[in-house]
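Okay, structure first, notes after.
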Protein chains: 2
Amino acid sequence: MNQPSRPPQKATIADVAKAAGVSKTTISRYLSGDYKSISEATLQRIKQSVKELRYRPSRLARGLRQDRSYSIGMIFADISNPFSTSVLKGAEDVCTKQGYSMIVCNTDNDPEKEKNYISMLHAQRVDGLIIHPTCQNLENLRELSEDQIPIVLIDRRIPGLKVDTVGTDNDKAMTEATGYFLDQGFERIGFFSQPIQHVSSRIERARTFVQILAAAGHPSVDDIYEYEPRIQGQFDEQLDRFIAETQGQYRMIFAVNVVTQLKLINALQKRGLRIPEDVGFAGVDDSEWAPVVGSGLTTIAQPTYEIGYKAMERILERIAGDNGPQQHFALSANLITRGSTPSRNAKIL
Amino acid sequence: MNQPSRPPQKATIADVAKAAGVSKTTISRYLSGDYKSISEATLQRIKQSVKELRYRPSRLARGLRQDRSYSIGMIFADISNPFSTSVLKGAEDVCTKQGYSMIVCNTDNDPEKEKNYISMLHAQRVDGLIIHPTCQNLENLRELSEDQIPIVLIDRRIPGLKVDTVGTDNDKAMTEATGYFLDQGFERIGFFSQPIQHVSSRIERARTFVQILAAAGHPSVDDIYEYEPRIQGQFDEQLDRFIAETQGQYRMIFAVNVVTQLKLINALQKRGLRIPEDVGFAGVDDSEWAPVVGSGLTTIAQPTYEIGYKAMERILERIAGDNGPQQHFALSANLITRGSTPSRNAKIL
DNA sequence: TTGTAAGCGTTATCAC
DNA sequence: GTGATAACGCTTACAA
């Protein structure tokens with residue numbers, strides 16, 4: 001058999017029409033799946049020609065004509081964070097099934113980069129936008145949403161911005177977790193976090209943590225440690241303070257997210273403090289390595305995949321014309337208890 | 001001040017032209033940065049109008065006209081793998097600077113999904129493609145490259161496919177690492193990997209490992225353990241075999257990648273085997289948690305960010321018209337020694 | 001069941 | 001310096 005000679009140029013709808021002996025309209029009907037208005041014979045010829053010419057309709061042209069790009073922009077504050085990857089995966093599974101593609105951006109928590117990406121995705125005419133926001137571009141986001149581009153925020157909400165949001169049910173998760181820590185008999189619990197203000201998920205976690213402790217009359221209501229990663233030494237200073245203050249007490253440290261977890265574990269190790277012998281440990285975000293650090297880390301497993309899945313579903317609903325009021329979807333997390341938060345009684349026995 | 005009234009529809013180049021009192025051509029010149037053929041006065045009016053109308057040129061229209069989309073497709077075999085994320089970041093940093101955007105896909109190592117994505121990105125008229133391939137779609141990739149779409153493969157090469165590739169210099173990395181293991185005095189080294197055949201990076205790692213051992217007359221030339229994750233129990237069986245066979249010897253386990261690392265560490269822990277007291281450990285891919293597992297894991301840190309960076313640079317060179325012969329770029333890895341591979345002498349002393 | 005023709009928002013060519 | 005006009009590859013009334 002001889003090789004079918006390769007078409008010199010990318011085939012267009014006109015080429016296929018010509019090859020099949022029909023008009024472009026008919027090909028277009030075929031492409032849109034409108035088979036019932038095409039005769040069987042024609043259909044066969046079209047299929048044949050499409051295959052022979054290796055025809056792939058241009059999404060660009062279609063997008064231009066229909067004023068939609070069949071793509072969704074995704075902007076992450078930190079793509080290295082496994083949280084982001086998992087969300088991405090969930091989003092993709094929905095996206096692909098519906099014939100959309102994802103344009104992925106990473107802002108490194110830089111509002112300036114975020115602004116540029118928003119602008120670029122706007123130019124790209126994305127049909128929707130899923131954002132893990134830096135929370136410092138209210139105006140740009142507001143403009144977009146006024147331009148009728150559906151937006152879903154994940155993890156973090158922005159007050160005053162009328163868009164759908166999807167995240168973890170932090171109140172519920174922290175209520176459960178904090179209760180568990182109390183049950184385990186911890187006398188002091190240090191809550192470590194990057195700057196809390198403006199980041200709704202951190203606010204929720206810290207607030208519920210304090211509420212539960214306050215209700216129990218627990219002394220750690222003031223053990224909130226905020227560090228700004230860019231301020232040299234601040235983190236170490238705070239950790240040292242907590243360690244010194246709680247000397248001799250049955251204590252643990254809680255990390256607001258996975259980045260803080262790693263910072264803490266490294267710092268504890270450097271100080272020669274063992275988990276859980278010298279200090280208990282827990283934090284938000286489960287990971288593949290949480291089970292293998294020491295005797296395992298107790299974590300709050302956020303429903304990351306589900307967050308991505310739901311966010312994309314919501315975007316597509318909006319694109320499909322849903323004009324209902326904006327909603328917040330709070331998905332349930334899972335408390336996974338491991339060796340890093342042993343019961344005080346067990347220790348005593 | 002009263003709000004500037006929001007344009008009822010997205011502004012087009014025609015709207016801007018009208019507002020500025022010039023032709024579309026002039027606006028287009030402005031957009032392409034051809035300032036020197038525009039008078040200063042006109043330029044000012046254009047800038048003004050663009051701002052007022054919040055005009056964003058449609059990349060779709062531009063793409064259609066120029067037959068390029070200014071986007072690069074990225075297909076990952078496993079986006080959850082930190083390797084992918086880091087590559088993504090490197091690629092993005094280049095991409096963004098040049099005004100391109102990335103369409104990100106994840107195949108979960110499924111050749112069928114890969115095929116669909118290739119087809120979709122083709123339809124999207126991506127200007128180039130960076131692929132971490134499943135290595136089972138030779139034909140589709142060949143078609144693409146024949147269609148003159150630049151492709152760069154990362155990590156894995158596919159024999160017979162004439163495209164650029166970027167990856168780790170596995171020979172050099174494994175030469176160094178294996179030599180180090182020998183220096184540390186390990187009597188047996190188990191090399192654990194998913195199926196090696198067809199995956200060039202695994203082939204290179206295993207081959208060099210064996211070569212170095214053979215040259216040293218070391219008994220572990222046969223300690224290559226291949227497991228197929230989908231075969232229930234195979235992995236555990238192989239691990240048990242190695243453990244039993246090497247009882248009493250100074251031994252270690254080497255993981256071909258980060259997935260295998262986690263599998264092994266979990267399995268060792270479950271068996272109550274300590275690292276490094278009962279068995280030494282090392283593996284390809286450094287991670288944020290490698291320093292905190294036990295007394296730290298010895299790893300080979302692949303230049304992941306650089307791989308992404310280089311791959312994207314290469315794609316853009318190709319797009320810019322480079323027609324040179326296809327090349328392979330082997331970037332240097334870094335051996336990071338930690339507590340999991342102690343010297344035998346140190347132990348004896 | 002099929003076709004004609006207009007138009008989506010740009011850029012490229014050519015002319016002034 | 002500036003502009004008219006014709007594409008680019010598709011979809012969509014509207015006809016037939």
Side-chain angles (χ1 to χ4, degrees), chain A residues 7 9-47 49-50 53-71 99 120 122-127 147, chain B residues 7 9-47 49-50 53-71 99 120 122-127 147:
Chain A
Q9 290 297 338
K10 230 167 289 178
T12 74
I13 198 172
D15 299 328
V16 182
K18 197 166 153 197
V22 295
S23 74
K24 293 193 294 174
T25 309
T26 305
I27 306 299
S28 180
R29 291 201 178 95
Y30 168 76
L31 294 177
S32 61
D34 181 15
Y35 301 119
K36 60 181 188 306
S37 34
I38 306 178
S39 75
E40 186 55 31
T42 307
L43 196 59
Q44 290 315 322
R45 269 181 296 133
I46 294 179
K47 281 185 177 167
S49 307
V50 164
L53 297 174
R54 297 224 312 267
Y55 171 63
R56 297 261 70 212
S58 161
R59 288 183 151 227
L60 257 41
R62 171 197 297 222
L64 178 59
R65 178 60 226 247
Q66 299 188 329
D67 197 27
R68 56 212 311 254
S69 62
Y70 293 95
S71 59
M120 190 232 249
H122 192 179
Q124 197 94 266
R125 298 296 188 265
V126 291
D127 298 338
D147 281 347
Chain B
Q9 290 296 338
K10 230 168 292 179
T12 74
I13 199 171
D15 299 326
V16 182
K18 198 166 153 196
V22 295
S23 74
K24 292 194 293 175
T25 308
T26 305
I27 306 297
S28 180
R29 289 202 179 94
Y30 168 75
L31 294 177
S32 61
D34 181 13
Y35 300 120
K36 59 180 188 305
S37 32
I38 308 178
S39 75
E40 185 55 31
T42 307
L43 196 59
Q44 289 315 321
R45 270 181 294 131
I46 294 179
K47 280 185 177 167
S49 306
V50 164
L53 296 173
R54 298 224 311 269
Y55 171 64
R56 298 259 71 213
S58 162
R59 289 183 152 229
L60 257 43
R62 169 195 299 219
L64 176 59
R65 180 59 230 242
Q66 300 189 327
D67 197 28
R68 56 213 313 255
S69 61
Y70 294 95
S71 59
M120 190 231 249
H122 193 178
Q124 197 94 266
R125 298 296 187 266
V126 291
D127 298 337
D147 281 348

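By convention in this document, chain letters (A, B, ...) are assigned in the order of the sequence lines, proteins followed by strands, and residues within each chain are numbered from 1.
Judged as a side-chain contact (heavy atoms from CB on, under 4.5 Å), and not counting sequence neighbours, the contacts of B:S58 are A:R125, B:L60, B:A61. Every residue meeting the side chain to side chain donor-acceptor pair (under 3.5 Å) condition with A:R56, not counting sequence neighbours, appears here in chain and number order: B:S119. With sequence neighbours excluded, no residue satisfies side-chain contact (heavy atoms from CB on, under 4.5 Å) with A:R65. Judged as a ring pair (Phe, Tyr, Trp, His ring centres under 6.0 Å), and not counting sequence neighbours, the contacts of B:Y70 are B:Y100.
Atom NZ in A:K18 sits roughly 20 Å away from atom P in C:dT2 (whole-Å rounding). Between the CZ atom of A:R59 and the P atom of C:dG9 there is a distance of 20 Å, given to the nearest Å. Between the OH atom of A:Y35 and the P atom of C:dT2 there is a distance of 15 Å, given to the nearest Å. For B:Y30 and C:dT11, the OH to P distance is 13 Å, given to the nearest whole Å. Taking atom CG on B:D34 and atom P on C:dA12, their separation rounds to 11 Å, with Å as the unit.
Distance check, rounded to the nearest 0.5 Å: OH of A:Y55 to CD1 of A:I27 gives 8.0 Å.
The C1' atoms of five pairs define one axis at each end of the helix from C:dT1-D:dA16 to C:dC16-D:dG1, and these two axes lie 30° apart (to 10°).
Among the heavy atoms of the strands lying under 4.0 Å from A:S37 is at least one base atom, whether or not backbone atoms are also near.
In this structure, the side chains of A:R59 and B:M120 come closer than 4.5 Å at one or more pairs of heavy atoms. In this structure the side chain of B:Y30 reaches within 4.5 angstrom of the side chain of B:V50, judged on heavy atoms.
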Per-pair distances, 0.1 Å, donor-acceptor, side chain in residues 31-39 of chain B, under 3.5 Å, sequence neighbours excluded:
from: B:S32; atom 1: OG; to: B:S28; atom 2: O; distance (Å): 3.3
from: B:S32; atom 1: OG; to: B:R29; atom 2: O; distance (Å): 3.1
from: B:D34; atom 1: OD1; to: B:S37; atom 2: OG; distance (Å): 2.8
from: B:D34; atom 1: OD2; to: B:S37; atom 2: OG; distance (Å): 2.7
from: B:S37; atom 1: OG; to: B:D34; atom 2: O; distance (Å): 3.3
from: B:S39; atom 1: OG; to: B:T42; atom 2: N; distance (Å): 3.2
from: B:S39; atom 1: OG; to: B:T42; atom 2: OG1; distance (Å): 2.7

Between the protein and nucleotides 8-11 of chain D, which nitrogen or oxygen pairs come in under 3.5 angstrom?
from: D:dC8; atom 1: O2; to: B:R65; atom 2: N; distance (Å): 3.4
from: D:dG9; atom 1: N2; to: A:A61; atom 2: O; distance (Å): 3.4
from: D:dC10; atom 1: OP1; to: A:Y55; atom 2: OH; distance (Å): 2.7
from: D:dC10; atom 1: OP1; to: A:S58; atom 2: N; distance (Å): 3.0
from: D:dC10; atom 1: OP2; to: A:I13; atom 2: N; distance (Å): 2.4
from: D:dC10; atom 1: OP2; to: A:Y55; atom 2: OH; distance (Å): 3.4
from: D:dC10; atom 1: O5'; to: A:Y55; atom 2: OH; distance (Å): 3.4
from: D:dC10; atom 1: N4; to: A:K24; atom 2: NZ; distance (Å): 2.8
from: D:dT11; atom 1: OP1; to: A:R62; atom 2: NE; distance (Å): 3.4
from: D:dT11; atom 1: OP2; to: A:S28; atom 2: OG; distance (Å): 2.9
from: D:dT11; atom 1: O2; to: A:R65; atom 2: NH1; distance (Å): 2.0

